[in-house]
Novice: 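The structure's right below; bear with me while I get my questions together.
These values consider heavy atoms only, across backbone and side chains, with no hydrogens, waters or symmetry-generated copies. As the structure is a prediction and not an experimental result, all values here were calculated from the model. FYI, the numbering just counts along the sequence from 1.
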Amino acid sequence: EADAPIFWDTIQNITLVGKEQTYDLQVETDHNFVANGIVVHNTALAQHIGLQVALRNKDVAVLLFTIDDTRSQAIPRLISQMCGLQIKWVTQPQRYAEVTPQRNKAMREAFDVLRELARTGRFDIKDASQGSSITFAERWIEAVRETYPGRPILFVLDSFHRLRDSGPVSQQAERERLEQYSSRIAGLAKQRGVTVISTMELRKRESPATRPHVEDLKGTKQLEYDA
């Protein structure tokens with residue numbers, strides 16, 4: 001409703017206004033904030049979606065492949081989201097007077113929930129220490145499918161641009177790599193019936209070649225992107 005305090009609206013058009021300074025923001029606890037009257041969310045959203053799917057669906061296997069964060073960094077963030085507590089309270093509870101016995105109990109219970117989700121195959125996390133290649137991800141998905149045949153799989157890939165099957169490559173080879181990887185990820189969805197949520201970071205043209213350009217993705221027709 002138009003007079004509701006929060007409502008969903010459809011983007012009618014996008015107008016390019018040139019290059020502007022961009023900031024990467026993260027908000028503790030809720031991980032969202034209001035910008036010019038619009039509720040926006042930082043990149044923890046993909047992890048949060050995966051967790052909520054696992055919590056609400058007993059017959060789904062959620063696989064979180066985080067390449068930027070380690071597993072030990074991702075777990076406290078998930079506990080923070082589950083409890084509505086600041087992540088610093090989760091990682092160092094002994095340092096903050098705000099961590100009451102009730103909040104400590106809530107954190108322990110959240111950890112137990114994550115452990116039970118993992119035990120029953122509903123939620124699993126792997127990071128770059130176990131591999132950062134698309135081949136590793138494909139093998140992981142196949143292993144889960146063999147263990148839980150018939151169970152739908154949600155694959156959450158955090159930082160698509162950091163996937164690697166080899167060492168550094170040239171800019172042209174980088175573009176070919178992105179096209180190949182995006183095709184293989186699309187294959188997970190189309191040929192293996194896996195639902196995929198993927199995040200990635202883009203870079204400016206003059207920045208170091210550590211992130212892809214928007215132009216690098218145009219030939220794939222597999223990825224949706226926004227700027």
Novice: For the residue pair R56 and Q52, confirm or rule out a side-chain donor-acceptor distance under 3.5 Å.
Specialist: yes
Novice: Restricting to non-hydrogen atoms, name the atom on C83 and the atom on A110 that form the minimum distance, rounded to 0.1 Å.
Specialist: SG-CB, 3.7 Å
Novice: Which atoms form the tightest heavy-atom contact between V144 and A61, and what is the distance?
Specialist: CG1-CB, 4.0 Å
Novice: Give a yes or no on whether the backbone of E116 and the side-chain of T120 come within a donor-acceptor separation of less than 3.5 Å.
Specialist: yes
Novice: Quick check: closest heavy atoms across P93 and T91, and the distance to 0.1 Å?
Specialist: CD-C, 3.5 Å
Novice: Check step by step if side chain to side chain contact (heavy atoms under 4.5 Å, CB included) holds for V99 and Q94.
Specialist: CA-CA 8 Å; V99 182; Q94 69 282 357; over 6 Å; no
Novice: Please report the interatomic distance CD1(I185) to CD(E138), rounded to the nearest 0.5 Å.
Specialist: 9.0 Å
Novice: Which atoms form the tightest heavy-atom contact between Q81 and L51, and what is the distance?
Specialist: OE1-CD2, 4.4 Å
Novice: Tell me, please, which residues at least two apart from F65 pass ring pair (Phe, Tyr, Trp, His ring centres under 6.0 Å).
Specialist: F136
Novice: Could you measure the distance from the OG1 atom of T70 to the NZ atom of K126? Nearest 0.5 Å is fine.
Specialist: 14.0 Å
Novice: Heavy atoms only: give me the nearest A74-Q47 pair and the separation to one decimal.
Specialist: CB-OE1, 4.3 Å
Novice: Please identify each residue that fulfils salt bridge (Lys or Arg N to Asp or Glu O under 4.0 Å) with R115, with sequence neighbours left out.
Specialist: D112
Novice: Taking the side chain as C-beta and beyond, is there a heavy-atom pair between M82 and L114 under 4.5 Å?
Specialist: yes
Novice: About how many Å separate CG of D124 and CH2 of W140, when rounded to the nearest 0.5 Å?
Specialist: 5.0 Å
Novice: With rounding to the nearest 0.5 Å, note down the distance linking CD in Q86 to CZ in R103.
Specialist: 8.5 Å
Novice: Using side-chain heavy atoms (C-beta onward) and a distance below 4.5 Å, is I75 in contact with V90?
Specialist: no
Novice: Determine, stepwise, if the pair I197 / D158 fulfils side chain to side chain contact (heavy atoms under 4.5 Å, CB included).
Specialist: CA-CA 8 Å; I197 297 176; D158 195 2; over 6 Å; no
Novice: For the side chain of R122 and the backbone of V62, is there at least one donor-acceptor N/O pair under 3.5 Å apart?
Specialist: no
Novice: Can you check whether D127's main-chain N or O pairs, donor with acceptor, with R71's side chain at less than 3.5 Å?
Specialist: no
Novice: Rounded to the nearest 0.5 Å, what separation is found between the CZ atom of R145 and the CG atom of L63?
Specialist: 10.0 Å
Novice: Kindly say whether L85 contributes a backbone atom to a donor-acceptor pair with the side chain of S80 at under 3.5 angstrom?
Specialist: yes
Novice: Which distance, rounded to the nearest 0.5 Å, do you find between the CD1 of I67 and the OG of S133?
Specialist: 8.5 Å
Novice: Decide if atom OH of Y148 counts as having more than 12 heavy atoms of other residues, nucleotides or ligands within a radius under 6.0 Å.
Specialist: yes
Novice: Can you find a pair of side-chain heavy atoms, one from L64 and one from L157, that are under 4.5 Å apart?
Specialist: no
Novice: Between I141 and F155, is a side chain to side chain contact (heavy atoms under 4.5 Å, CB included) present by the stated rule, with each step listed?
Specialist: CA-CA 8 Å; I141 290 171; F155 180 60; 3.9 Å; yes
Novice: For R192, check salt bridge (Lys or Arg N to Asp or Glu O under 4.0 Å) against everything at least two apart and list the hits.
Specialist: E142
Novice: Are any of the side-chain heavy atoms of V156 and I49 separated by less than 4.5 Å?
Specialist: no
Novice: T135 and R184: side-chain donor and acceptor closer than 3.5 Å?
Specialist: yes
